[in-house]
Engineer: 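The structure that follows is given in the form of structure tokens.
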Amino acid sequence: MKFDNYMILEFPSKSANEAFARSAVACFAAQMDPTLDELGDIRTAVSEAVTNCIVHAYPNSMGTITLRCRILKDNVLDIVIKDKGVGIPDLELARRPAYTTGGADRSGMGFTIMESFMTSLEVSSELGKGTTVHMRRRIRQRQ
């Protein structure tokens, strides 16, 4: 697939890197001239995906998170967030609103939020090998 620009980041699954990831994606997306609402949606979706990696993929250890962004034709921002963690045993169950394995302090709304804020969301996972979240957001072109 052709793209106009891209970036790839790799960072440890430290909670401090969640803010870094969402800010980096927002800075990258700024070249597409998004509205503040579009930028807020993208930042929130990235935050949810990276937080899932930190909390669920590597529950008892430090791991690596890879983030790739591309600008595709028709003003589409393409985001892939990958971990090499424990994987998701039941992806269908994990995508249900309010389902969580993260304890009482987690809402279980991460995938629901990602899906509602992005144009498309695909999730794949393999036990013991990790999870990939692939999101796209079409940015409205201004007149």
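The analysis underlying the following values was restricted to heavy atoms, covering all of them including side chains, and did not include hydrogens, waters or symmetry mates.
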Engineer: Please examine the side chains of Ile79 and Val133, heavy atoms only from C-beta on, and report whether any two atoms are closer than 4.5 Å.
Structural biologist: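 In short, these two side chains do not touch, never coming nearer than 4.5 Å.
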
Engineer: Above 12 or not: heavy atoms from other molecules or residues under 6.0 Å from CG of Leu127?
Structural biologist: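 More than 12 heavy atoms, drawn from other residues, nucleotides or ligands, come within 6.0 Å of this atom.
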
Engineer: Between the side chain of Arg136 and the main-chain N/O of Met118, is any donor-acceptor distance below 3.5 Å?
Structural biologist: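 No: the side chain of Arg136 does not pair with the backbone of Met118.
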
Engineer: Might you point out which heavy atoms bring Ala29 and Pro34 nearest each other, and give the distance in Å?
Structural biologist: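 Answer, listing the atom of Ala29 first, then Pro34: O-CD, 3.4 Å.
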
Engineer: Decide side chain to side chain contact (heavy atoms under 4.5 Å, CB included) for Lys2 and Lys73; before the verdict, give the C-alpha distance in whole Å, the side-chain angles of both, and the deciding distance to 0.1 Å.
Structural biologist: CA-CA 7 Å; Lys2 288 189 142 195; Lys73 68 178 185 166; over 6 Å; no

Engineer: So do the side chains of Asp4 and Leu72 get within less than 4.5 Å of each other, counting heavy atoms only?
Structural biologist: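 With C-beta onward as the side chain, the pair stays apart.
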
Engineer: Would you say the side-chain atoms of Tyr58 pair up with the backbone N or O of Lys84, donor to acceptor, closer than 3.5 Å?
Structural biologist: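 Side chain of Tyr58 to backbone of Lys84: a pair is present.
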
Engineer: With respect to Asp41, which candidate in Arg22, Arg140, Arg137 satisfies the salt bridge (Lys or Arg N to Asp or Glu O under 4.0 Å) definition?
Structural biologist: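 So, applying the salt bridge (Lys or Arg N to Asp or Glu O under 4.0 Å) to Asp41 and each of Arg22, Arg140, Arg137, only Arg137 qualifies.
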
Engineer: Identify the two heavy atoms, one from His56 and one from Pro59, that lie closest to each other, and give their separation to 0.1 Å.
Structural biologist: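 For His56 and Pro59, the tightest heavy-atom pair comes out as O-CD, 3.3 Å.
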
Engineer: Enter the distance from Met32:CE to Glu38:CD here, rounded to the nearest 0.5 Å.
Structural biologist: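 So the gap between those two atoms works out to 8.5 Å.
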
Engineer: Once you round to the nearest 0.5 Å, how far does CG of Leu77 lie from CG of Leu39?
Structural biologist: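 Here the rounded value is 9.5 Å.
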
Engineer: Spell out, as yes or no, whether a donor-acceptor pair under 3.5 Å connects the side chain of Thr119 to the backbone of Arg138.
Structural biologist: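 Here the side-chain-to-backbone pair exists.
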
Engineer: With rounding to the nearest 0.5 angstrom, report the SG to CG distance, Cys69 to Leu9.
Structural biologist: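 Rounded to the nearest 0.5 Å, the SG-CG separation comes out at 7.5 Å.
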
Engineer: Going by heavy atoms in the side chains, are Met7 and Arg68 under 4.5 Å from each other?
Structural biologist: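 Not touching, per the 4.5 Å side-chain cut-off.
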
Engineer: Does Arg70 offer a backbone N or O that forms a donor-acceptor pair with the side chain of Asp78 under 3.5 Å?
Structural biologist: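 Side chain of Asp78 to backbone of Arg70, a donor-acceptor pair under 3.5 Å: no, none is there.
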
Engineer: Measure from the side-chain N and O atoms of Ser13 to the backbone N and O of Ile54, and report whether any donor-acceptor pair falls under 3.5 Å.
Structural biologist: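 Between the backbone of Ile54 and the side chain of Ser13 there is no qualifying donor-acceptor contact (under 3.5 Å).
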
Engineer: Check Ile88 against Ser125 and note the closest heavy-atom contact, atom names and distance.
Structural biologist: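 Looks like N-OG, 2.7 Å.
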
Engineer: Output the distance between atom CD1 (Ile65) and atom CZ (Phe11), rounded to the nearest 0.5 Å.
Structural biologist: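 Spacing of CD1 (Ile65) from CZ (Phe11) equals 4.5 Å.
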
Engineer: Kindly compute the distance separating OG (Ser120) from CE (Met114), expressed to the nearest 0.5 Å.
Structural biologist: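 So the OG of Ser120 and the CE of Met114 are separated by 13.0 Å.
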
Engineer: CD/Glu10 to OG1/Thr64 distance, rounded to the nearest 0.5 angstrom?
Structural biologist: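 Rounded to the nearest 0.5 Å, the CD-OG1 separation comes out at 5.0 Å.
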
Engineer: Are Ile71 and Val25 linked, directly or through intermediate hydrophobic residues, by side-chain heavy-atom contacts shorter than 4.5 Å (ILVMFWY only)?
Structural biologist: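 Yes: a chain of side-chain contacts under 4.5 Å links Val25 to Ile71.
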
Engineer: Could you tell me if the side chain of Ile81 sits less than 4.5 Å from the side chain of Thr132, heavy atoms only?
Structural biologist: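 No, side chains not in contact.
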
Engineer: Where do Glu18 and Ser47 land on the side chain to side chain donor-acceptor pair (under 3.5 Å) test, with the steps shown first?
Structural biologist: CA-CA 6 Å; Glu18 176 270 328; Ser47 180; 2.3 Å; yes

Engineer: Return yes if some donor-acceptor pair links the side-chain N/O of Asp83 with the main-chain N/O of Gly85 below 3.5 Å, else return no.
Structural biologist: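 Flag set: sc Asp83 to bb Gly85 pair under 3.5 Å.
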
Engineer: Would you say the side-chain atoms of Gln31 pair up with the backbone N or O of Phe28, donor to acceptor, closer than 3.5 Å?
Structural biologist: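 Such a contact is found between Gln31 side chain and Phe28 backbone.
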
Engineer: Taking the side chain as C-beta and beyond, is there a heavy-atom pair between Ile42 and Ile139 under 4.5 Å?
Structural biologist: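 They are in contact (side-chain heavy atoms under 4.5 Å apart), so the answer is yes.
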
Engineer: Would you say Leu67 and Ile8 make side-chain contact, with heavy atoms under 4.5 Å?
Structural biologist: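 Heavy-atom side-chain distance check fails, nothing below 4.5 Å.
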
Engineer: Testing the basics here: between Pro12 and Asn17, what is the closest heavy-atom pair and its distance to 0.1 Å?
Structural biologist: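 In terms of heavy atoms, the two residues are closest at O-ND2, 3.0 Å.
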
